[in-house]
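Working notes, beginning with the structure itself.
All figures in this text were calculated on a predicted structure; none of them were measured in a lab.
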Amino acid sequence: MNAGATIAAVASPPGGGARAVLRVSGPRAADLVRGAFVADGAPGDARDGEGFTPSARGITLGRFDDGRGTQPAMLVWMPGPGSYTREDVAEFHLVGSPPLVAAALERLLRLGAQPAEPGEFTRRAFLSGRLDLTRAEGVLSLVTARSEAERRAASQLLAGGLADRIDALRAGLDALRALCEASLDFDETDTGHVPEDELRARTDAVLEGLREALAWESARAPRSGLPQVVLVGAPNAGKSRLYNRLAGADALVSGRVGTTRDALRTTWRAGDAEVELWDTAGAVAPDGAVEREAQDRARALREAADLALWVVDARRPADDLVAEREALAAGGARYLVWNQVDRPGAAPAPPAALTERLAGAAAVSAATGAGLDELAAGVAAALGLAAAPATAAAPAAAAAPAAAAAPATAAALGRPEALGGGGEARELSARHREALRAAAARVEAAAGELAAGAPLDLVAEGLREATARLDAIGGRTTPEDLLDRIFGQFCIGK
C-alpha cells in the first residue's frame, strides 16, 4: 500500500465508452489538478498559472492536458475530510477512449501520483474510519454482484445491516462484562453487587442477539447465483408438501403445527429458469428458544429473498388472511400460492382483495399437482425470467404488478444463463458466520459458567474473548494479512 502517497487509477470499467473516470486521492491531489486541468474561462474561476486551483467542493468543466494535447474533461473536486477516503479526492471525467484515458493516467503519474493498488481507495476509507470492514466488504460484494440476489445481499451489508447489529451486540457485551467485573469488588450484602439472576438474564439476551445476527447473515449472503425463492405462510398451509412436490424432496409432513423448523433448500426449475427454493417454519408466535431461532431464520430468509411465495390454505376464510398478508409484508416481492384447492370446502381461486399489490397468484394442489405448471410460469415471470402467464387464478389485473413489484430483479437477472458468481460474497459471509458462531459459543459457555457458580473474573474473560471475535468482523482487530487478502480482491480504482 502507498502509505501517505497520492494515488491515481482508472475507476471505470475497461474498454471504450462514452465516459471514463480517473480517480485521485491524497495530499497532493490539488497539485495534480493544477498540473493537468485547465478550467473553462467562466467568471469566478481561480487560476494559478496554467492550471486550475480547486477550493470548494464542486464540479468544473474544462480540459485535461495529457502532455500531448488537451481533451474535454469534467473535474469533480471533493476536499477532505468530506470525501470517500477522507483525503482530498479529484475525479476527472473524460471521453471514454482507451488511448486518451491511458495518456491521462500516464500524465498524472509523471506529475507525482503513485499507481493505486487493488482496493486501495476503499482501504483508505476503512483506515480513516469512513467505513468499517463489513461496509468495505459490501463495496466488494456490490461491484462483483452478478445477480439480483447478490446485489441485495451486498446492499444490505453496505447499508450497515451487519455493522449495526455488531455494534449493539458489542455494547451489550461491554456492559455485561463491566457488571461482572464490578461485582468482583462487592459481596452479596453490598449495594454494588449485581444479582446473578440479572447477569444470567443479560447473558441470555446477548446470546439471543448473537443467534439473530447469525441467522440474518446466514440468510443474507447468496448461496449461488440463482434467484432466491422462499415459501412462507401460516403453519399447515401445505408449504412442506408443496416443497416436496416441487423439489422431489422428502421433507417431513405432519398435521402437527410447527413441524418445519430448519430451513430446507433445493434447486427448483421454474419453467425454463432455475431458482433456489427454500421452505421455512410457519409464521407463529415463538414458544421457546428453538422456535424463536426458527422464526428468526425464516424472517431473515424472507427479507433477503428475491421472491416470497405466500402459501395459503384455500379453505381459510378470506377475512382471516388480510392481517397475515400485512404481517408478511417485509422482504421481497410476494406471490400468492392458493394451495390445497382439491380439499372439500376450498375456494377454487383467491379473492381479488388478496392479490392486490402482489406479483401474481396461482391456485394449486400440492397433493395432485394441479396448477404447478402455472405456478412455475408465474414465478419465472415475477422474477423477470419469462413472460407473465394469464390464468384464472392470476388474471391480467393480478399479474400486472409483477413488473412493479420487482423491477430491479427483472432488469438485473435477464436471461437465466447470465446468472452466476458470488464467490467473493460467499467467502466474506463465511468469515462473518465463523466469527459470530465463535462469539455465540463463548457467550454460551459464559452462561454455563454463571449457572455453575464459576468465578466472575473467569466469566468476564470469556465475554472479552467474545468481544474480540466481533471486533474481527468490523476490522478493529483484523490482522494485516487478512486485510491484504480482502482488499486484494477489489479491482483497481475502487
Calculate, to the nearest 0.5 Å, the distance between atoms [atom1] and [atom2] belonging to [X] and [Y] respectively.
X: Arg124; Y: Ile7; atom1: CZ; atom2: CD1; answer: 4.0 Å
X: Gln228; Y: Leu277; atom1: CD; atom2: CG; answer: 10.0 Å
X: Leu375; Y: Tyr335; atom1: CG; atom2: OH; answer: 6.0 Å
X: Ile473; Y: Ile166; atom1: CD1; atom2: CD1; answer: 4.0 Å
X: Arg165; Y: Leu162; atom1: CZ; atom2: CG; answer: 7.5 Å
X: Leu354; Y: Arg316; atom1: CG; atom2: CZ; answer: 10.0 Å

With Arg130 via salt bridge (charged side-chain N to carboxylate O under 4.0 Å, His left out) - residues at least two apart: none
Run the salt-bridge test on [X] and [Y] with the 4.0 Å N-O cut-off and return the result as yes or no.
X: Arg211; Y: Glu444; answer: yes
X: Asp197; Y: Arg200; answer: yes
X: Arg469; Y: Glu465; answer: no
X: Arg442; Y: Glu449; answer: yes
X: Glu461; Y: Arg464; answer: yes

From CA spacing to verdict: side-chain contact (heavy atoms from CB on, under 4.5 Å), Val341, Thr368: CA-CA 10 Å; Val341 293; Thr368 67; over 6 Å; no
From Thr467, Leu463, Val459, residue fulfilling side chain to side chain contact (heavy atoms under 4.5 Å, CB included) relative to Leu176: Leu463
Trp338: which of Asp313, Val312, Thr355 passes side chain to side chain contact (heavy atoms under 4.5 Å, CB included): Val312
Arg269 atom CZ, neighbour heavy-atom count above 12 within 6.0 Å: yes
Please find the pair of heavy atoms, one from [X] and one from [Y], that lie closest to each other, and give the distance.
X: Val364; Y: Gly371; answer: CG1-O, 3.4 Å
X: Val311; Y: Gly238; answer: CG1-C, 4.4 Å
X: Arg202; Y: Ala175; answer: NH1-CB, 4.3 Å
X: Ala366; Y: Asn339; answer: N-OD1, 3.4 Å
X: Leu470; Y: Arg170; answer: CD1-N, 4.0 Å
X: Leu169; Y: Gly209; answer: CD2-C, 3.4 Å

Trace of the side-chain contact (heavy atoms from CB on, under 4.5 Å) decision for Val89 with Phe121: CA-CA 10 Å; Val89 172; Phe121 292 97; over 6 Å; no
Distance-only, no hydrogens or angles: does the [X] side chain make a donor-acceptor pair with backbone N or O of [Y] under 3.5 Å?
X: Arg86; Y: Ala125; answer: no
X: Thr280; Y: Leu231; answer: yes
X: Ser128; Y: Thr85; answer: yes
X: Asp306; Y: Leu383; answer: no

Check: Leu199 and Cys180 side chains under 4.5 Å, non-hydrogen atoms: yes
Met74 side chain reached by Arg19 side chain, heavy atoms, under 4.5 Å: yes
